[in-house]
Amino acid sequence: MSDSFLNELNPIQRQAVENTKGPVMIIAGAGSGKTRVLTYRIAHLLNSGVDAFNILSLTFTNKAAREMKERIHKIVKGSEASNLWMGTFHSVFARILRFEAEKLGYPSNFTIYDTDDSKSLIKTILGEMQLDDKIYKPSLVLNRISNAKNNLISAAQYLAQAEVLEEDRQAGKPKLGLVYEAYEKRCFKASAMDFDDLLFKTNVLLKKYPEILYKYQQKFRYILVDEYQDTNFSQYLIVKKLAAMYQNICVVGDDAQSIYAFRGANIQNILNFEKDYPELKVFKLEQNYRSTKTIVQAANSVIRNNKEQLKKVVWTDNVVGERIRLLKASTDNEEATLVANGIFDLRMNMQLPNSDIAILYRTNSQSRSMEESLRKRGIPYRIYGGLSFYKRKEIKDLLAYCRLTINPNDEEALKRVINYPARGIGKTSLEKIIVAAGQHGKSLWDTIEGMALYRPLNGASAQKVIDFVTMIKSFQHGLKTASAYDLAMHIARSSGLLKELGIDKTPEGISKHENVLELLNGIQEFVHTLPESDDEVAERTLDVFMQDIALLTDADENEKEDPNRVSLMTIHAAKGLEYPAVFVVGMEENLFPSQLSLNSREELEEERRLFYVAITRAEKYLTLSSATTRFRWGQVTHSEPSRFLEEIDPSLLDIPVASEPKGFLDFSSDRSDFGGFTPRNTSSTLKTKSAKPQELNPIQPLKGFTPLKKINPDTPQNPNIKSTFIADDVSKLQTGMEVVHERFGPGKVINIEGRTGELKATIFFQEVGQKQLLLKFARLKINE
DNA sequence: CTGTCCTCACTTTTT
DNA sequence: GTGAGGACAG
């Protein structure tokens, strides 16, 4: 058994990997090889004989979990790695809760309510309590409930706290606690848990049943938590309890990248970790392997403005690299055009594939203008997040039928489909059912199933509801016998859903129909896929398929499509990812930082950390763009440049020269003789500016100074060399010639093709490998 | 009860 | 500009 991979680590990383006993905290700066340390640590545990079943690894997103699993598979041979418990907090504890559900009075097939379900239920409750949903805005109410749950305050405890009630009274929402209470009851009656419940109920379970706690303490002897800075109190306590016996707990985090406080994440968890475990070992990973010096320094100069942070010095041995480019546009559409042009130039001049490029924004709504400009330019792209596949109406409709079949008590699913497709059960009927259910303390389903007993409706409407009940029951027969696909297809057909969608021949209607078919396809794939690990449920029935659906965010169904696409996503979604070239768009006050964050220092600091995350996604090229006017909620609004721009050390920026008449807006004007991504300034300014960052950086350790080693292709060249790049030179170019490229360094021409003016050369560079270059853009120097 | 038209709120960020 | 939800007529 070889641990040779350990040699790939630097001394601190290696210590962080090898100290597997006892509590460990790894403070990992951006780009410091955190994921590598985590994966190697797990691999090292497995190689030293720890059973995969005894390792619990918690991540923040499904994507992160998936990636880590893949990487571990690559290092550890055999199928052992499949047995790791690795996933998000929510998915791991949902799994445990399903196993232990009866202890809490839940069936193991409980539904997981997503945010829409929760809001819809709150609206229903507000209606019943005759509260104005303008005052009790469902999203705010849900927020408040969510906060309570994340701090382990039940409805009963909420109602028992005088100050909390007073707070609500002050805010003009005195009944909020009662809404919480009703919500809690309704979820329970519907056999449903919302996202926060998955953590809350886990806490309840572990507290109420010491023997269950003991069982999982024994099982999870080694616990690893990624993105620890983003955990909330509820998650913190679960981890603390599980780790209490063996104390083999390793948390990894970076306080500078904490961007989920809005959802209850608590930086204190990372700051207090030391108090919880006195013999804690702390490892600080401060060397950044990802980005250029310029980018690292820019990030440092921004984050320096935050008051609350752990002492940490992120530095890098990498090259200085390009300066950060600023784009200023007059409108959001122009901004998008500039970004698309910038991407075009990067592909041309730096030979970057689309997949090396990402556009990051603060809000999902900003994606639209970007999409348009990319489409115009013919640049393929992929949007991450946004309206995910599983959030589309038609998908939710079919899933609601499936949910109802599995758990008929699921109130939100029932409300969603009882009259869709329309079957004559309208609002009035539904209201009568809800009232009757409330009176008898039954779920909606129990009320309509026992129509004869509870009599919520009479005559024709009653008959329609009875028919609906009969239909759902017929679906239920398939649960144990039919495969997930057969049953789902049967449901889609007999419910009338497919027919309904087939009628609509508008492009949107067709797309909806296709989406449902795609979901059915996905279910079929599931049926044909074998369980990954030993303890995964082996049956391929519908209820197994549905278990984790609510916890899925982005559908990675599209993997089959062209992978060479530009990525578009929110900065939040970009966390943990890295791209050679990054565009951060919408650098404007009231957008980034968000208007809603300007009330408090804490919130502003979170926005700043978000900007820090955005900057540190970039490896080589970073572009920040803004617009002076922007279309927002149907109106043109004026906006000022973001304050964050001023926080970047100006010497790191490629600031458009004022005297240049709007020229900098136009990427394409003279790119033929001047690489589009090259600083435009005169050579004298370039010289002084490129020299400055190193001198200025006060926190750069001495070793960070790159000694005069071999010429690095990424180091900005002395602009005076430019004069030797004469176009005539290029025309003389022939196969076999030795050339020097400004960025790729020395290379040899392998092939030349194309017609004059569009000549394309294939060149093998010693340092970066083979590239295809358009000669009119590539500034090549022929070596004679 | 159904379908259409109109109004209005909407833009933080995610499990 | 858009999508959800309410008002209203059939």
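Every chain is numbered from 1 and lettered A, B, ... according to where its sequence line falls, protein lines coming before strand lines.
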With A:D116, which residues qualify under salt bridge (charged side-chain N to carboxylate O under 4.0 Å, His left out), at least two apart?
-> A:K396

May I have all residue pairs that pass side chain to side chain donor-acceptor pair (under 3.5 Å) and include part of residues 420-431 of chain A, sequence neighbours excluded?
-> A:Y401-A:R423

Is there any salt bridge (Lys or Arg N to Asp or Glu O under 4.0 Å) pair reaching into residues 123-142 of chain A, and which pairs are they, with sequence neighbours excluded?
-> A:E128-A:R186

With sugar-phosphate meaning primed atoms plus P, OP1 and OP2, does A:S597 contact a base, only sugar-phosphate, or nothing at under 4.0 Å between heavy atoms?
-> nothing

Reckon A:F89 touches a base, only the sugar-phosphate, or nothing at all at heavy-atom distances under 4.0 Å?
-> nothing

Pairing residues for A:R455 by the salt bridge (charged side-chain N to carboxylate O under 4.0 Å, His left out) criterion, not counting sequence neighbours | none

The answer to which of A:K137 and A:I259 contacts DNA chain B further toward the 5' end, by nearest nucleotide, is A:K137

Intra- and inter-strand pairs of DNA chain B in dot-bracket (Watson-Crick or G-U wobble, both distances under 3.5 Å; | for another strand) | ||||||||||.....

Residues at least two apart in sequence or cross-chain that pass ring pair (Phe, Tyr, Trp, His ring centres under 6.0 Å) with A:F262, listed by chain then number, are A:Y260, A:H572

Looking at A:Y384, does the NZ or CZ of A:R382 lie under 6.0 angstrom from its six-membered ring centre and within 45 degrees of the ring axis?
-> yes

Return the 5'-most residue of the pair A:I425, A:H90 with respect to DNA chain B, ranking by each residue's nearest nucleotide.
-> A:I425

Who pairs with A:F644 by ring pair (Phe, Tyr, Trp, His ring centres under 6.0 Å), at least two apart in sequence or on another chain?
-> A:F592, A:F611

Determine the Euclidean distance between corresponding C1' atoms of C:dG6 and B:dT11; express it in Å to zero decimal places.
-> 23 Å

If you look at every strand shown and take non-hydrogen atoms under 4.0 Å, does A:F592 touch a base, only sugar-phosphate, or nothing?
-> nothing

Assign a letter to each nucleotide of nucleotides 1-10 of chain C from its 5' end: B, base within under 4.0 Å of a protein heavy atom; S, sugar-phosphate only; -, no contact.
-> BS--S-----

Checking all strands, does A:S429 fall into the base, sugar-phosphate, or nothing category for heavy-atom contacts under 4.0 angstrom?
-> sugar-phosphate

Could you tell me whether A:S91 contacts a base, only the sugar-phosphate backbone, or nothing, with contacts defined as non-hydrogen atoms closer than 4.0 Å?
-> nothing

Applying salt bridge (Lys or Arg N to Asp or Glu O under 4.0 Å), which residue pairs with at least one partner in residues 589-598 of chain A are found, sequence neighbours left out?
-> A:E589-A:R643

